[in-house]
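Since the structure comes first, as structure tokens, the remarks are kept for the end.
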4 protein chains.
Amino acid sequence: MRIKDEEKQQALFEATIKMVNEIGFVKSSVAKIAAEAKVSPATLYIYHKNKVDLLVSTYLQIKKSLSIEALKGFQSDMDVYEGLKLIWKNLFHYFSKHTDYFQFTEQFSNCPYAKLINREEVDSYFSPVFELIQYGIDQKLIKNVDFEILHCFLVAPILHLANPTICNNFTVNNENVDIAFDLAWDAISYRNN
Amino acid sequence: MRIKDEEKQQALFEATIKMVNEIGFVKSSVAKIAAEAKVSPATLYIYHKNKVDLLVSTYLQIKKSLSIEALKGFQSDMDVYEGLKLIWKNLFHYFSKHTDYFQFTEQFSNCPYAKLINREEVDSYFSPVFELIQYGIDQKLIKNVDFEILHCFLVAPILHLANPTICNNFTVNNENVDIAFDLAWDAISYRNN
Amino acid sequence: MRIKDEEKQQALFEATIKMVNEIGFVKSSVAKIAAEAKVSPATLYIYHKNKVDLLVSTYLQIKKSLSIEALKGFQSDMDVYEGLKLIWKNLFHYFSKHTDYFQFTEQFSNCPYAKLINREEVDSYFSPVFELIQYGIDQKLIKNVDFEILHCFLVAPILHLANPTICNNFTVNNENVDIAFDLAWDAISYRNN
Amino acid sequence: MRIKDEEKQQALFEATIKMVNEIGFVKSSVAKIAAEAKVSPATLYIYHKNKVDLLVSTYLQIKKSLSIEALKGFQSDMDVYEGLKLIWKNLFHYFSKHTDYFQFTEQFSNCPYAKLINREEVDSYFSPVFELIQYGIDQKLIKNVDFEILHCFLVAPILHLANPTICNNFTVNNENVDIAFDLAWDAISYRNN
DNA sequence: GATGAATGAGCCTTCATTCAT
DNA sequence: GATGAATGAAGGCTCATTCAT
């Protein structure tokens, strides 16, 4: 008996992302993805129940790895400002390094496949961030407004600026990333003037 | 020669949006869209060169109407804060009223069809906003940072908060919209402490 | 607008029977049937909802035409012996003339597709025969036994003898058909010795 | 070298019959049959050259066991009437006990797989019956007509009445079986009135 | 002997588009 | 202009069979 080939699994993961980014969900057929992964279409079905399962699990795998990278170096006793800035920079770094992964998830979250995701589970990967924000609110460092508002000022700008499909006039470098964070911080933090 | 039927045109527009929102680009076939519009597939080709043309022109039509609504009541001599707030509220209002249009464009902009759009043209619909921001910078009311950064803090949060696919715990009402704008304003405006 | 083509319909009917007889249900793909009918696979789906519908409606059409041929020349006031003999001969004649139709129905009735048929409806095509048998019973010309037993002695032998797949040593000619009917008659009729 | 596992062999035999009866030849894939037998598809190929071989040998095995059961208690010096009646009852008994085996063979004999069977060989299993009929003819107890006619009146009714796919209004019990045999006997025997 | 992995070929069906009326 | 019929190509998926362990 042959054993399941980890390389094929990985090749399918990469091929899926590549094809979806290059030609979109609409034209990314199983045949093309399999060809890109140098695997038979039938083989794909050993690793995934069907096409949707392939796409969903690709998405989840990216989100998982993203959450790990996002929290790299983070400690729960960090200063709120420092903590959020670290995560902000980690996210930009991840998106710059894995533009392809990022593009895939953005396309995914904006199409009906998104409904197939258990949002709570994915959110749980990022719970330390949520806790940090809550701590900031409690400490009156962060405005006490609807959580989604805070969350969106901390996340949406990154997704926007790092996304070359949407925003192609922006250069992601240390300076710009720092500047952008300052805007985010000004948005959410208490002014004590 | 009979004249092209304005009603059919409109029916196709609405059907396209409905189908794409319900089942996504992937499964929205010409046949289904035509059926939804109560029109023959062949008829669709009288109004549009091909499927892509149908989608692209649907997108552009929405963007056009969006820009008109966004600028409703705006005057070029407006105060920067007031002007931006007006537009901010107009946008939220439009997205709440036309959730379906909005969803369509979000799905569109995040998939490869977006490459087919002449971005400059669409941006030109919104040029008064850009000019207002630039004026704010010149007047030292708004931070003098990369334009994309400012732009994204003014737009990305709206797209995030108003999008039920992404953000379903947020209630769009006057109070929340005002609060959110204050965060945006704090993000982009000069602090003079 | 083009109109539905009666010839294509008929070509599909014949092609289905031909393929199923030649290579069986297992290997009779939609592609092969369509090719045999000189029609695109897609065209088949204009005339039939799916493959099963094609097979079922082919079966029903044959059964309908069979019932018409079987009852040709039959009158309700006929002598029981003469009536049954007429039908018996009509059936043999039909099966000899349309061996292909016959083979198709036999293969169909013995496989799970048969479950999809509304038996009562098909039986209703043959109701005059059933009434004649019942009349024979009432007149004490035919044994008063379970109806299925009578029915099977009147039908099963024909299906057996006329079926070249099962019975290839038998020559269907007038003499043999008459002889066979005498056996059937002896089976079902009262002996008054 | 380990020895072939008799249990696996048997499991495949049963699984084949079960699947073919439940979903038909068309949908009975090797994978499904193997799964039903709790065996790997690859294992199946140790016991059978290919899929067709599996089906054919399943058919032959049933036919063999059928012939044994059919002739149980039969002796070559039996009275013609008694002999035929014994076999008639044995057949009904077998078909009632092994409805699944029976259904399989009926489906098999009516589809192109039947061509792969060496008919003479299968017939040879039943040669005592044929000899008995011939003896009956010689003794002028049985009509001297084409052998296939006699054969079909002795066999076709059983296959018809015992087959729930074709005939579902008939109750197989001792009384009905006896009555049916009387019809068969009346069909084939000389009348001496 | 036994097995799950692996596969090219083929399955049924739907696709975007054009034809003929 | 409007339409349902028509289609070759391609869609997702499963097939019978073999491979490698």
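Lettering follows sequence order; numbering is per chain, from 1.
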ask   = Looking at residues 11-19 of chain A, who's got a heavy atom less than 4.0 Å off DNA chain E?
value = none
task = Kindly state each residue pair satisfying salt bridge (Lys or Arg N to Asp or Glu O under 4.0 Å) with at least one member in residues 110-120 of chain C, sequence neighbours excluded.
result = none
query = Over how many whole Å does the gap from A/His48 atom NE2 to F/dT14 atom P extend?
reply = 15 Å
Residue met sooner reading DNA chain F from 5', once C/Ile46 and B/Val39 are mapped to nucleotides = B/Val39
task = Starting at atom CD of D/Gln9, determine the distance to atom P of E/dG1, rounded to an integer number of angstrom.
result = 12 Å
task = Kindly write out the residues that satisfy side-chain hydrogen bond (donor to acceptor under 3.5 Å, both in side chains) with A/Lys8, not counting sequence neighbours, or none if the list is empty.
result = A/Asp5
ask   = Of all the choices, E/dC19, E/dT13, E/dG4, which nucleotide is nearest to the side chain of C/Arg2 once you look at every atom?
value = E/dC19
Which residues share a side-chain contact (heavy atoms from CB on, under 4.5 Å) with A/Leu66, sequence neighbours left out = A/Lys63, A/Leu91, A/Tyr94, A/Phe95, A/Phe126
ask   = In dot-bracket notation, what is the pairing pattern of DNA chain E, taking Watson-Crick (N1-N3 plus N6-O4 or O6-N4) and G-U wobble (N1-O2 and O6-N3) contacts under 3.5 Å, with [ ] crossing and | for other strands?
value = .||||||||||||||||||||
inquiry  = Mind checking if A/Leu44 touches a base, just sugar-phosphate, or nothing, with heavy atoms under 4.0 Å?
reply    = nothing
Rounded distance (Å) that lies between atom C1' of F/dG11 and atom CG of A/Asn50 = 14 Å
Distance test, side-chain N/O of C/Lys8 to OP1/OP2 of F/dA6, below 4.0 Å = yes
message = Among residues at least two apart in sequence or on other chains, which ones pass ring-ring contact (aromatic ring centres under 6.0 Å, His included) with D/Tyr113?
response = D/Phe25, D/Phe108
request  = Could you tell me whether a side-chain N or O of B/Thr58 sits under 3.5 Å from a main-chain N or O of B/Leu54, the two making a donor and an acceptor?
outcome  = yes
key: For atom OH of C/Tyr47 and atom P of F/dA5, their distance in whole Å   = 8 Å
note = Whole-Å distance, D/Leu55 CG to F/dT17 P, equals 10 Å
Please list, pair by pair, any protein nitrogen or oxygen found under 3.5 Å from a nitrogen or oxygen in nucleotides 9-11 of chain E.
from   : atom 1 : to      : atom 2 : distance (Å)
E/dC11 : OP1    : C/Ser29 : OG     : 3.3

key: Donor-acceptor under 3.5 Å (B/Lys51 side chain, B/Val30 main chain)   = no
Under 3.5 Å donor-acceptor pairs involving side-chain atoms of residues 10-22 of chain B, not counting sequence neighbours:
from    : atom 1 : to       : atom 2 : distance (Å)
B/Gln10 : NE2    : B/Glu14  : OE2    : 3.0
B/Glu14 : OE2    : B/Tyr101 : OH     : 3.2
B/Thr16 : OG1    : B/Leu12  : O      : 2.6
B/Lys18 : NZ     : B/Glu36  : OE2    : 3.2
B/Asn21 : OD1    : B/Phe104 : N      : 3.3
B/Asn21 : ND2    : B/Ile17  : O      : 3.3
B/Asn21 : ND2    : B/Asp100 : O      : 2.8

Pairing residues for A/Thr99 by the side-chain hydrogen bond (donor to acceptor under 3.5 Å, both in side chains) criterion, not counting sequence neighbours = none
inquiry  = Quick one: does any side-chain atom of C/Ser28 pair with a main-chain N or O of C/Gly24 as donor and acceptor, under 3.5 Å?
reply    = yes
request  = Please name all residues satisfying side-chain hydrogen bond (donor to acceptor under 3.5 Å, both in side chains) with D/Thr165, sequence neighbours left out, ordered by chain then number.
outcome  = D/Asn163
Between F/dG12 (P) and A/Lys49 (NZ): distance, integer Å = 16 Å
request  = Give the rounded distance in Å between these two atoms: OH of C/Tyr45 and P of E/dC12.
outcome  = 7 Å
ask   = Does C/Gln9 have any side-chain hydrogen bond (donor to acceptor under 3.5 Å, both in side chains) partners at least two apart in sequence or in another chain, and if so, which?
value = none
inquiry  = Expressed as a whole number of angstroms, how long is the span from B/Leu54:CG to E/dA16:C1'?
reply    = 12 Å
inquiry  = Strictly by ring pair (Phe, Tyr, Trp, His ring centres under 6.0 Å), give each pair with a member in residues 34-55 of chain A just once, sequence neighbours left out.
reply    = none
